[in-house]
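One structure is given here, and the rest of the page talks about it.
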Amino acid sequence: METLLHQILSGLAAGGIYGSLALALVMIFQATHLVNFAQGELAMCSTYLAWSLIHAGCPYWLAFLATVGISFVAGALIERCVIRPVENKPALAVVLVFIGLMLILNSVAGWIFGYTVKTFPSPFPDHPLFGNTYIGNHELGIIAVMALMVALLYLFFRYTTLGLAMRAAAVNPDSSRLCGIRVGRMLALGWGLAAALGAVAGMLIAPIVFLDPSMMSGVLLYAFAAALLGGIDSPGGAVVGGFLVGVVENVMGAYVIGTELKLTVALILIVGVLVMRPAGLFGKVVVTRV
Amino acid sequence: MRKLALPALLVSACVLPFLVSDYRVFQLTLVIVHAIALLGLNLLTGYSGQISLGHGAFYAIGAYTAAILIDHFHVPYWATVPLAGIVCLGAGILFGLPAGRLENLYLALATFALGVSLPQILKYRHVEPWTGGVQGVTLTKPEAPLGLPLSRDQWLYYFSLAVMVVLFAGAWNLLRGHTGRAIVAIRDNPIAAAAAGIDVARYKSLTFGVSAMYTGIAGALGGIAVQFVGPDSFSFFLSLRLLCGIVVGGLSTISGAIYGALFIQFVPNIAGDISKAAPLAIYGVLLIAVVYVMPSGIAGAVNDVARRMRAFGRTTEARSSSKHRENQPGRNHA
Amino acid sequence: MPKSSHWTLLVVMTFLALGCSRKEQGSGGDNAKGASLSASTIKIGQTMPYSGPASAYGTIGKLQTAYFKKINEAGGINGKKIEFLTVDDGYSPPKAVEQVRKLVEQDNALAIFQPLGTPSNAAIRKYLNEKKIPQLFAATGASQWNDPANYPYTIGFNINYVDEGRTYGKYIAEKQPTAKIAILYQNDDYGKDYLKGLKDGLGEKAKLIVAEATYEVSDPTVDSQIATLKGSGADTFVNVTTPKFAAQAIRRAYDIGWKPTEYLNNVSASVGSVLTPAGLDKSVGLVTIAYYKDPTDKQWDDDAGMKEWREFMTKEYPEGGLSDGTNVYAYIAAQTLVQVLKQCGDQMTPENVMKQAANLKDFAPALLLPGIKINTGPKDYVLFDQLQLARFDGKSWVPFGQLMSVM
C-alpha cells in the first residue's frame, strides 16, 4: 500500500514535469498550429542561462525573472528570423527546420557547458512538508506553479483582447488580417510566450533531474504524449494529460509489465486512447465542412 | 537525346565499382540501401501524406528478420531479402489499419511511439535468444557466386543495385497507375476521394504496408552490408535521418530518394570533419540551409533549374527563328 | 522520374567516381598487410561518439588528441610522430563500421585505439580480426573482449562490468550472508553485465536478490524504480546507473527514508559529478570499487600523479573538466598506448602492436590507485587483475580491505 502511494505520488510529480513542457508545446500549437520539436532544447538552453546567472552571483528570483524575460525575447526572435522564412513552405519542411534547431541547440549547449551533470537550486524549502517521505516540497511546488500557469493562460486567452487576437491569428490568419490583426506580431508573441513557459518548465525540472544537455530529450517524448492525450489545443488538457501519463507509466511499470517495457506500454496505451478518441481527452473535435 | 539519360545512368552505376576502392563501394552500397528506405518513406509521407516519425522501426524489423533467418535458420542471404519484405508488408498493413484513422498530428505521435519503443522491445529479455539482445547478431557478407571475379563488397553492390532497380521500377509503375492516383487523391482531399468511390482506409493501410516493405528490404540489405544488427543501430535518430532524407531529397519524387540518400550518407561525415566539438550543430545548420534554399528538396531544385533552362532554350529558339523568318524574303510579318 | 534528374545524377556520380579514385591513387588501397609501414608517422585510428546520445564521452578522444600532440612535441616515440585520426561515429554501429573501414582501408591505420561503446565494438570486431588490425583497448566494460582464442586482435581496457559485479557479489556473500538485495540497472548490455556478474559472485546465494528494476536512458527520473525497490523490503542496494541517474537514485532513496547498504558502480563513483549533486551527506556509507584516482577527491590533492594530470589539463586541454573522472581514465589509456608503442621499438606492424599489447608487465601509470598494476599475457587479455574496495565517508572514498582479485 505504501509503495502504491509512492508510485502514484512520484507519478504525479513526474507528470508535473511532463505537463509543464506540454504546456509550452500546446502554447506554440495554439499560436501557430505547429508542433515544435525544439521546445525541449529551448527550455534546456534557458535553464543553462539561468544557471550561468546564478553562478555569476545573481540571486535566484532575479535570475528566474531575467531568464523568463530573455527567453521570451529569444523565442520571438527565433520566430522572426528562423521560422518566418519557411512559413509558407510545406509542413514537413518546417518540421525539418525544427529538427535542425533542436540539433544545433543541443550540440552547442554541450560544447559550451560540457556534459557533466550540474545541480540547479530549488526555490522551495528543502525539508518536506510535515516530514513526510512521500512527496517533496519541490514536487508540490511544481504542481502549484503549473496550476497557476494554466489559470493565467486560461484567463489570458479567454478574457483579454490580445489573447483573442492570438487565437484568431492561429485559426484564420487571412480573416484576422482583414480585421486589422498583425498576424506576424501575434505569431512572434506566441513563440515568445511558449519560450517563456519552456524556461519556467526547465527551471522547475532541473532541480529534480539535474541539468545536462540531454535533460529534456526524455521529457519531450512524454510531454508530446501528454499534450496529445489531453488535446493539443487545451492547456488544461496538457496538464491533466501529463499527470495521467506520469501515473500510468509508473504504476504500469511497477505492477503490471515490469520496468523493461515501461516505455512501450505507456506509448501503446496513449495510441490506444487516441484511436478511440482522436481529438484527445479534452480537445475540441473539429468538424470540417466539405 | 533525352532517351539516353536513363540507360547512361544505369551503365555508369554498373561501371562505378571498378573505378573506386572497396571502401567507397561499401559506402555506395549504403547509399543504395538508404535510397530504397527513403523511397519507402516517401511513398507513405510524400505521396500518401501520412507522416511517419518512426520508420526506423520497419528498417529494424527487416534487418532483424534477415539476421535471424541467416543466423538461426541458415537461410541464404538472397532469400532473406524478399522474406524480410513480406514480413514488413504484413507489419506495415497491421500498423496501418488503426493508424490510418489518426489525423496527421496523432499519426505522428503513434509512429513516434513505434520508432522509440522498438529498440526497447528488441532488448527485451524474452526475445533475447532470437535477437541476441544488446550484443546483436553478427553476419557474414556473401561471396560472389559462380566464382565471378568480384570482391564481396562489389558483389553486394550489384545485388543491391539490382534490387533497387526492381523496386524503383515497381514504385514508378505503381504511382503512374490508378493506385498512385488514388493515393495522391487521398492525400490532397480525402473526403472528395471517398466521394469518388476510393476505399480510403484500404488504400491507406496498403500504402503503409508497401512503404514498410520497401524500408524493410532496405533494412535487410543494410544489415548484410554492415555485417551487424543490433538495437542501437535503430534508435530514434534513424527515423529522424530518414525523415530528413526525404524532405532534403524532395517529397513526392522518386529521384528525391537518391538525392536524399546521398545527403544523409555523406553530409554527417562532412559535418564531423568540420567540427569535432559540435558536429550535429553543423548538420543542423546544413539542414536548415537546404530547407531555405531548396524548399522542395534537391529534386525540386533540379527540376526548377531544368525547367528554366528549357524555357530559356525555347525563348532563344523562338527569338532566333522569328529573326530567321524576318530575314526570309517574301514572308509576312505577324 | 524526370529526365533532368537522370542527367544530374549522372553528373553527380561522375564527380564521385573522379573524386574517390583520385584520392585512392595516393594511398595503397585495399591491402590487408599494407597498414602503416610508413617511415615517419605512426597512424592510430579511433572512433568516438562526438555526436549523439553518448557525446559526453567525446572528451576521451579530445583529451587523447591533446596528449599525443604533447608526446609529439617532446619528440614522439622512438623518433616517430603519432598521427592520431579520431572520427565521429555518433554511437551508431553502422557508422562505426563505415569509419573503421575508412581508417583501415583508406588511411592505413596501424591500430584502432579505444573505440567507444559496446555496440560499436561488437560491430567492428569481426572485421578488424579478419583484417588483422588491432582493436586496441576498447573503451567499454563489456565482458566479451577477453577472448584471445577466437578474437586475438581484440583487447579491452576497462575493468569489465561482469568482474565488478562479481566482486560485489562475492563481498556481499561473505560479509552480508543474510542480506536482502535490490538492484537497479540500466536496461542495456552495461547494466545486464553487472547483474550477471553479481549473480555469479553470489553463487548459491543468488536468491538473496529480492528485487530487480531497470530504467532507460530516456527516462527523466528513476523515482518510481526506487519506490518499487524500497517496497520490496531490501536492505542492500546495488546501484548500477550512469552518473545522472546515480545522483537521482542516491538522493531519492535517502529522501523516501530508505537507508540500505549501498554499492555504487565504478562508472558513477565520482565525488564531483555524482555525490555532490546527490548530496554528500546522503552518500555516506556508499561502497564502490575503484582502480584509478578520483580527481575530485581531496585526498589526492598533493599526489604527484594528480598534479601532473592537472598541469596537463590546464595547459594542453583546458576545455576538459577537472572534475570529470573520464578525463583521468582517458589519460591512463593514452599512457598505456604510448607504453605499447615504445615496446614495439622499430617493428611498427599491426602484428607486433598486438603482441606488445599482450605483453604488459606490471605497468603502473601514476593515476592508478596504489598497488594496482596493468598485466597482460597472450592468453590473458584482462588488464586489471585487482580492484580496491572503497567507502565514502562524506568527503572522500577511503580505501579499505585488501586488494580484491578479479578472478
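Per chain, numbering begins at 1; letters A, B, ... match sequence-line order.
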Worksheet entry | Contacts of C/Asp193 that satisfy side chain to side chain donor-acceptor pair (under 3.5 Å) - sequence neighbours left out |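 In terms of side chain to side chain donor-acceptor pair (under 3.5 Å), with neighbours along the sequence ignored, C/Asp193 is linked to no residue.
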Discussion item. Run the side chain to side chain donor-acceptor pair (under 3.5 Å) test against C/Gln64 and tell me which residues pass, sequence neighbours left out.
Written reply: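 C/Gln64 satisfies side chain to side chain donor-acceptor pair (under 3.5 Å) with C/Gln46, C/Gln114 only.
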Worksheet entry | Flag if over 12 foreign heavy atoms under 6.0 Å of NZ, B/Lys141 |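 More than 12 within 6.0 Å, yes.
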Worksheet item: In terms of heavy-atom contacts, does OH of C/Tyr57 have more than 12 from other residues, nucleotides or ligands at under 6.0 Å?
Response: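 Result for OH/C/Tyr57: open.
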Looking at [options], which has the largest count of heavy-atom pairs under 4.5 Å with chain C?
options: B/Pro279, B/Ser151, B/Gly272, B/Ala299; answer: B/Pro279
options: B/Ile298, B/Leu238, B/Thr140; answer: B/Thr140
options: B/Met309, B/Gln227, B/Gln27; answer: B/Gln27

Item to complete: Evaluate the side-chain proximity of C/Lys126 to B/Leu139: yes if any heavy-atom separation is below 4.5 Å, no if none is.
Response: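 Not in contact.
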Item to complete: Using a heavy-atom cutoff of under 4.5 Å, enumerate the residues of residues 228-236 of chain B that contact chain C, numbered in order, or state 'none'.
Response: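 Residues in range: B/Phe228, B/Asp232, B/Ser233.
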Practice prompt. Quick one: list whatever passes salt bridge (Lys or Arg N to Asp or Glu O under 4.0 Å) with B/Glu128, sequence neighbours left out.
Written response: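 C/Lys192.
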When rounded to the nearest 0.5 angstrom, what distance separates [atom1] in [X] from [atom2] in [Y]?
X: C/Lys95; Y: B/Asn269; atom1: NZ; atom2: CG; answer: 3.5 Å
X: C/Arg101; Y: B/Ser21; atom1: CZ; atom2: OG; answer: 8.5 Å
X: B/Thr138; Y: C/Ile124; atom1: OG1; atom2: CD1; answer: 12.0 Å
X: B/Tyr283; Y: C/Asp88; atom1: OH; atom2: CG; answer: 12.0 Å

Discussion item. If you count heavy-atom pairs within less than 4.5 Å of chain B, which of C/Asp188, C/Thr118, C/Asn121 leads?
Written reply: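 Maximum pair count with chain B is reached by C/Asp188.
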Fill in: Contact winner vs chain B - C/Val87, C/Val97, C/Thr65, heavy-atom pairs under 4.5 Å
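Heavy-atom pairs under 4.5 Å are most numerous for C/Val97.
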Worksheet entry | Per-residue contact mode, C/Gln99 against chain B (heavy atom under 4.5 angstrom) |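 Just its side chain gets close to chain B.
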What part of [X] gets closer than 4.5 Å to chain C, counting heavy atoms only: side chain, backbone, both or neither?
X: B/Leu175; value: neither
X: B/Ala271; value: neither
X: B/Ser12; value: both

Discussion item. Under a 4.0 Å threshold between the charged nitrogen and the carboxylate oxygen, would C/Glu98 count as salt-bridged to B/Arg24?
Written reply: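 The answer is no: the pair does not qualify as a salt bridge.
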Discussion item. Would B/Asp22 and C/Glu105 count as a side-chain contact (heavy atoms from CB on, under 4.5 Å) here? Give the steps.
Written reply: CA-CA 8 Å; B/Asp22 262 0; C/Glu105 292 173 33; 3.9 Å; yes
